[in-house]
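Chain letters run A, B, ... following the sequence lines, proteins first and then strands; every chain starts at 1.
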Protein chains: 2
Amino acid sequence: MLKLSKLSDYAAVVLAQIARQPQRPQAAPELAEEVHLPRPTVSKTLKMLHKAGLVESRRGVQGGYLLARSAEQIRVSDIIAAIEGPVAMTACSHSDNDCELAALCGVADNWQRVSLAMRQMLDSITLAHLAQREPLQIMPARALAPSATTFSRESLLVSDADS
Amino acid sequence: MLKLSKLSDYAAVVLAQIARQPQRPQAAPELAEEVHLPRPTVSKTLKMLHKAGLVESRRGVQGGYLLARSAEQIRVSDIIAAIEGPVAMTACSHSDNDCELAALCGVADNWQRVSLAMRQMLDSITLAHLAQREPLQIMPARALAPSATTFSRESLLVSDADS
DNA sequence: TAATTGCGGACTATTTTAGTCCTGATTAAC
DNA sequence: GTTAATCAGGACTAAAATAGTCCGCAATTA
């Protein structure tokens, strides 16, 4: 399925909810109610998001959670990384891991590139996009000259619906 | 991690190996040896690939596995789907699944689009690309006019290294 | 100081994944 | 027709990841 864990999904939903009231801290139980998810679970994801630096927390009365930076600056890949660790498709697709089969399998390099392309796509989409009530349009991407060797941050551009 | 299962990774490696000798059937134990993976496991993945129609099998002496179609016609998304089921990032990102929270979470539509973009990327890369000994270059994609509403199959173009 | 709220971590249960093994069916060669 | 090679299907086990809950402590504010 190549799927996100449920927790990552929850994280996105909860963050989107916070993003819709950016001015005041929102407490975990309050958020849980709004997104219809169990409190301890929401609490857990918020703690993970805090550890990853995506949200700020305020304790005490009137406390709660705030975005640590604007929704435009929180990338989908940040959210996923906060919950599941860095985005990488295979064990050998992140360089620090030494797969002793890498030399043999003859596919490792190419998997790495696929993985990179995916990460870049996820980098190009932000919480602000997710939180929009209007559906996104993710642009069809287009091939460049065959000699291009690097990715641009803009490789997959996401724009608002034009209506 | 948003990672592939090991089995999917194995499947890619094994398929790449088959692709390099397209003319004759290769038996499971032989393939296992070549890719340095345990026989029963390779056997299992091959059975899954067969069920998904990606390889043909021949029983008996001199039997083994062959690609069911050319490596250019086998997409990475096919391989993943054969092992893990259809590519979809979240439970609600495939339409037939009814997530009762969809109306509430305010994110579902956008997740679906992210998921779609990912699938399209995976559609655009084939076994032939993976099997190449030379590393791929996956093209930087480029935004089109803001009013574009559909994806093109070519959205992420993969080309051979130009060296 | 009391109420509210986050923090950290332990813990359990469930599901998924990985990996193995066995028995039977099919095919080709002799 | 017999034999050996090979795939087919599925049962099974073990291990790991995931999901979810709970508790006691720390911080903050009124």
Does a salt bridge link Glu30(B) with Arg24(B), judged by any charged N lying under 4.0 Å from a carboxylate O?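 Salt bridge flag = yes for Arg24(B) with Glu30(B).
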I'd like to know if Asp78(B) pairs up with Arg75(B) as an ion pair, taking the criterion as any Lys NZ or Arg NE/NH1/NH2 lying under 4.0 Å from an Asp or Glu carboxylate oxygen.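 The answer is yes: the pair qualifies as a salt bridge.
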Kindly write out the residues that satisfy side-chain hydrogen bond (donor to acceptor under 3.5 Å, both in side chains) with Gln73(B), not counting sequence neighbours, or none if the list is empty.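 Result, side-chain hydrogen bond (donor to acceptor under 3.5 Å, both in side chains) vs Gln73(B): Ser70(B).
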Using a heavy-atom cut-off of under 4.0 Å over every strand shown, decide if Gly63(B) touches base, sugar-phosphate, or nothing.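 Contact class for Gly63(B): sugar-phosphate only.
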If each of Arg39(A) and Val61(A) is mapped to the nucleotide of DNA chain D with the nearest heavy atom, which maps nearer the 5' terminus, i.e. the 5' end?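 Nearer the 5' end of the strand: Arg39(A).
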With sequence neighbours left out, what residues match Arg59(A) under salt bridge (Lys or Arg N to Asp or Glu O under 4.0 Å)?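 If we apply the salt bridge (Lys or Arg N to Asp or Glu O under 4.0 Å) test to Arg59(A), skipping adjacent residues, there are no hits.
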Hey, could you give me the CG/CD1 distance between Leu54(B) and Ile83(B), rounded to the nearest 0.5 Å?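 Output value for this atom pair is 8.5 Å.
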Is any side-chain heavy atom of [X] closer than 4.5 Å to a side-chain heavy atom of [Y]?
| X | Y | value |
| --- | --- | --- |
| Val13(B) | Leu130(B) | no |
| Gln26(A) | Val14(A) | no |
| Val76(A) | Asp123(A) | no |
| Tyr65(A) | Val42(A) | no |
| Val114(A) | Met121(B) | yes |
| Leu46(A) | Leu31(A) | yes |

Which is the 5'-most and which the 3'-most nucleotide of DNA chain D that has an atom under 4.0 Å from a heavy atom of chain B?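 Range of nucleotides touched by chain B: dA5(D) to dG10(D).
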Checking Glu84(B) against Ser8(B): is there a side-chain donor and acceptor pair closer than 3.5 Å?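 Distance-only check passes for Ser8(B) and Glu84(B).
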Rounded to 10°, tell me the angle between the two end axes of the helix from dT1(C)-dA30(D) to dC30(C)-dG1(D), each built from five pairs.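 Answer for the end axes of this duplex: 20°.
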Can you confirm whether Arg69(B) is buried at CZ, in the sense that more than 12 heavy atoms of other residues, nucleotides or ligands lie under 6.0 Å from that atom?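 Yes - once you tally the heavy atoms of other residues, nucleotides and ligands closer than 6.0 Å, there are more than 12.
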Using a cutoff of under 3.5 Å, can you pull out all pairs of nitrogen or oxygen atoms linking the protein to nucleotides 17-19 of chain C, with atom names and distances?
from	atom 1	to	atom 2	distance (Å)
dA18(C)	OP1	Lys6(B)	N	2.5
dA18(C)	OP2	Ser5(B)	OG	3.3
dG19(C)	OP2	Tyr10(B)	OH	3.0
dG19(C)	N7	Lys44(B)	NZ	2.6
dG19(C)	O6	Lys44(B)	NZ	3.2

Gap between atoms CZ and C1', on Arg59(B) and dT26(C) respectively (whole Å):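 Distance, rounded to whole Å: 5 Å.
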Residue-level proximity of residues 47-58 of chain B to DNA chain D when a heavy atom falls under 4.0 Å: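 Output list: Lys47(B), His50(B), Ser57(B), Arg58(B).
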